[in-house]
Amino acid sequence: EIEWTCKDGNRLATIVNPRTIFNEKNEVAGSVAVFTDITKRKAAEEKLARSEIRLRTILEAEPDCIKLLDRQGCVVEINPSGLHMLEAENIDEVLGSSVLKMVLPAYQPSFSELIENVFNGKSGKLEFQCSGLKGNIKWLETDAVPLKNERGEVINMLAVTRDITENKNTLLALKQSESKFRRIFESDLIGFIFYDVNGNIIEANNKFSDMVGYTSDDLTSGQLRWRDITPTEYTGLDNEALQEIQEKGACEPYEKQFIRKDGSKFHLILGAVSINKEEGLAYIIDNSHRKKVERRLRKTNALLADIQKLSHVGTWEWLPKVDKVIWSDEMFNILGLVPQQFEVNTQSIFKYIHPDDQDRLKRAMIESLVENKSKPLEYRIIRKNGEIRHVYGVGYALLDKDNQMDRMVGSLQDITDRKLAEDQIRKEKQLSDSIINSLPGIFYLFDDSGRMLRWNENLEKVSGYTSAEIENMRPQEFVDPAD
């Protein structure tokens with residue numbers, strides 16, 4: 001191969017095939033050479049190489065497991081995240097091995113059916129449990145599609161698998177929390193009512209029915225509002241509480257009276273919390289002077305339960321020698337930009353990086369260049385419309401034959417939904433702790449063996465025991481032996 005510089009300055013790539021010419025005496029008389037223009041072929045090869053680099057970048061940066069399986073479920077190819085998910089140290093541990101043996105027996109028939117359907121040309125999705133090579137059991141979710149050859153024949157199953165163990169555990173914890181709240185609601189410890197903004201009682205427990213002397217049907221018929229059983233002298237306090245709920249989401253407990261069905265009145269402490277804009281929850285304690293109120297136990301929100309789409313990852317390429325930046329279409333989508341209306345360069349990119357994260361990103365890029373390895377980083381971007389999004393970025397340098405940086409490639413993934421879900425989970429935990437700690441007096445929950453499950457801070461304050469000590473105690477140990 002020979003590269004020429006044309007008169008107009010353009011480069012011309014050729015292949016030369018020389019041949020020696022002999023005369024009748026078999027002496028070298030000259031030579032002839034055929035030059036073939038391969039400029040377009042070389043350009044296509046370079047474009048293909050860049051495409052392969054981008055694809056490899058996506059596969060290596062993708063946090064989910066991407067793998068190819070054959071008809072027997074054996075691993076043909078898998079990315080680094082997949083090796084980590086299967087607890088493999090290197091690809092040799094899983095290459096050619098069937099993933100079916102890692103799937104728990106209860107899910108093996110469904111996984112086999114998924115493979116069969118894919119090789120019959122259908123797409124599929126499955127949630128299942130899997131045991132890694134080190135024995136750790138995880139919940140996984142797989143989206144699978146057929147991979148076909150140029151003749152349209154299915155040759156492999158392409159699967160994207162994500163670890164949903166944390167989501168499953170969170171949902172289970174929330175369901176258990178909802179169940180615990182329902183048991184508390186249906187118990188006869190204190191009165192509970194669900195109400196709407198119009199003052200209607202949507203639901204009431206038996207304890208509240210006993211307090212006011214009305215049946216459950218009387219209370220939820222829509223003919224009786226909680227204001228109807230409130231003496232007029234407490235209207236001001238009720239209005240202040242409603243205003244506090246509107247502003248803060250809850251009100252501090254206060255003393256008032258309700259009127260029973262027989263016309264008699266009784267003193268109570270009432271506290272309430274907003275569930276949403278239309279509904280709220282109130283607790284009523286008969287003849288008690290407790291200081292704080294149960295804020296609320298929200299109904300379970302199925303966080304991260306509807307993950308149906310494969311991850312969208314944008315890729316980028318920086319050519320430092322010409323200071324050129326190349327983006328995939330998804331990069332523009334992530335930043336809320338239109339490709340035809342935005343000129344990509346190293347200066348314009350930082351315009352969309354959150355100011356508080358720009359220094360961290362620059363340091364990570366410099367370290368990646370110096371150490372010649374990828375530096376994954378979570379940071380924030382500000383889209384063109386002003387919306388702040390959380391992203392996960394990774395990049396690394398590619399060296400030329402002289403061991404100098406030829407280009408830098410990387411990827412960017414929008415992880416805002418995941419970050420919001422994590423914040424929501426933290427809020428759920430904080431809300432659960434707040435509700436238990438806001439219960440007036442001492443509260444504790446134990447199982448049928450007497451093992452302490454949950455308790456509020458008042459128990460620690462009153463008993464003098466630390467949280468670590470209470471965890472190993474039984475309820476009867478708090479009571480004087482004589483009683």
Side-chain angles (χ1 to χ4, degrees), residues 1-61 66-72 74-80 90-92 95-96 119 121 146-158 315-329 339-340 343-346 368-374 395-411:
E1 291 186 12
I2 297 178
E3 189 173 275
W4 306 80
T5 301
C6 300
K7 183 177 181 180
D8 59 7
N10 290 326
R11 308 292 290 179
L12 178 68
T14 64
I15 290 181
V16 57
N17 291 289
R19 292 290 185 274
T20 302
I21 299 175
F22 298 93
N23 57 20
E24 61 275 7
K25 297 180 181 180
N26 203 30
E27 299 172 336
V28 176
S31 66
V32 63
V34 176
F35 292 87
T36 304
D37 185 349
I38 60 170
T39 305
K40 291 183 178 180
R41 192 191 80 187
K42 294 288 286 185
E45 289 174 352
E46 291 177 358
K47 185 176 181 181
L48 176 61
R50 287 197 300 269
S51 177
E52 290 176 347
I53 290 173
R54 291 174 186 168
L55 178 59
R56 186 172 72 250
T57 300
I58 291 177
L59 293 177
E60 293 182 353
I66 300 179
K67 58 183 176 292
L68 292 178
L69 303 181
D70 63 17
R71 188 179 290 273
Q72 287 71 43
C74 295
V75 176
V76 176
E77 192 170 338
I78 189 169
N79 69 340
N90 55 69
I91 194 170
D92 293 334
L95 193 63
F119 275 89
L147 184 65
K148 301 179 181 180
N149 60 17
E150 62 276 6
R151 295 188 299 275
E153 301 167 338
V154 180
I155 55 174
N156 287 116
M157 180 175 93
L158 172 61
T315 60
W316 54 266
E317 182 179 359
W318 175 43
L319 307 177
K321 296 178 181 178
V322 294
D323 195 22
K324 182 179 182 181
V325 180
I326 303 171
W327 279 5
S328 67
D329 289 342
Q340 295 78 11
E343 181 181 355
V344 183
N345 55 61
T346 53
S368 177
L369 293 174
V370 172
E371 301 174 14
N372 191 27
K373 64 180 182 180
S374 62
Y396 60 90
L398 298 176
L399 306 182
D400 58 21
K401 60 183 180 180
D402 298 322
N403 209 32
Q404 300 295 315
M405 187 177 73
D406 179 62
R407 67 191 65 195
M408 193 169 185
V409 296
S411 66

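The two residues Cys74 and Gly96 have their closest heavy-atom pair at SG-O, 3.5 Å. Scanning both residues, Asp37 and Ala13, for their nearest heavy atoms gives OD1-O, 3.3 Å. Here the shortest heavy-atom pairing between Asp323 and Trp318 reads OD1-NE1, 3.3 Å. Among all heavy-atom pairs drawn from Phe119 and Val154, the shortest one is CD2-CG1, 3.7 Å. Among all heavy-atom pairs drawn from Ala33 and Val16, the shortest one is CB-CG2, 3.8 Å.
Of the possible polar contacts, one joining the Thr14 side chain to the Ile2 backbone as a donor-acceptor pair under 3.5 Å is found.
Here Leu147 contributes atom CG and Met157 contributes atom CE; the two are 11.5 Å apart, rounded to the nearest 0.5 Å. To the nearest 0.5 Å, atom NZ of residue Lys67 and atom CG of residue Leu95 are 14.0 Å apart. In this structure, Glu77 CD and Ile66 CD1 are separated by 10.0 Å, a value rounded to the nearest 0.5 Å.
Taking a cutoff of 4.0 Å between a charged side-chain nitrogen and a carboxylate oxygen, Lys321 and Asp406 qualify as a salt bridge. Taking a cutoff of 4.0 Å between a charged side-chain nitrogen and a carboxylate oxygen, Arg151 and Glu153 qualify as a salt bridge.
Partners of Gln72 under the side-chain hydrogen bond (donor to acceptor under 3.5 Å, both in side chains) rule, at least two apart in sequence or in another chain, do not exist in this structure.
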* Asked: Does the side-chain contact (heavy atoms from CB on, under 4.5 Å) test come out yes or no for Ile91 and Val75, once each step is laid out?
  -> CA-CA 9 Å; Ile91 194 170; Val75 176; 5.8 Å; no
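Looking only at side-chain heavy atoms (C-beta outward), Leu69 and Asn156 stay at 4.5 Å or farther from each other. In this structure the side chain of Trp316 reaches within 4.5 angstrom of the side chain of Met408, judged on heavy atoms.
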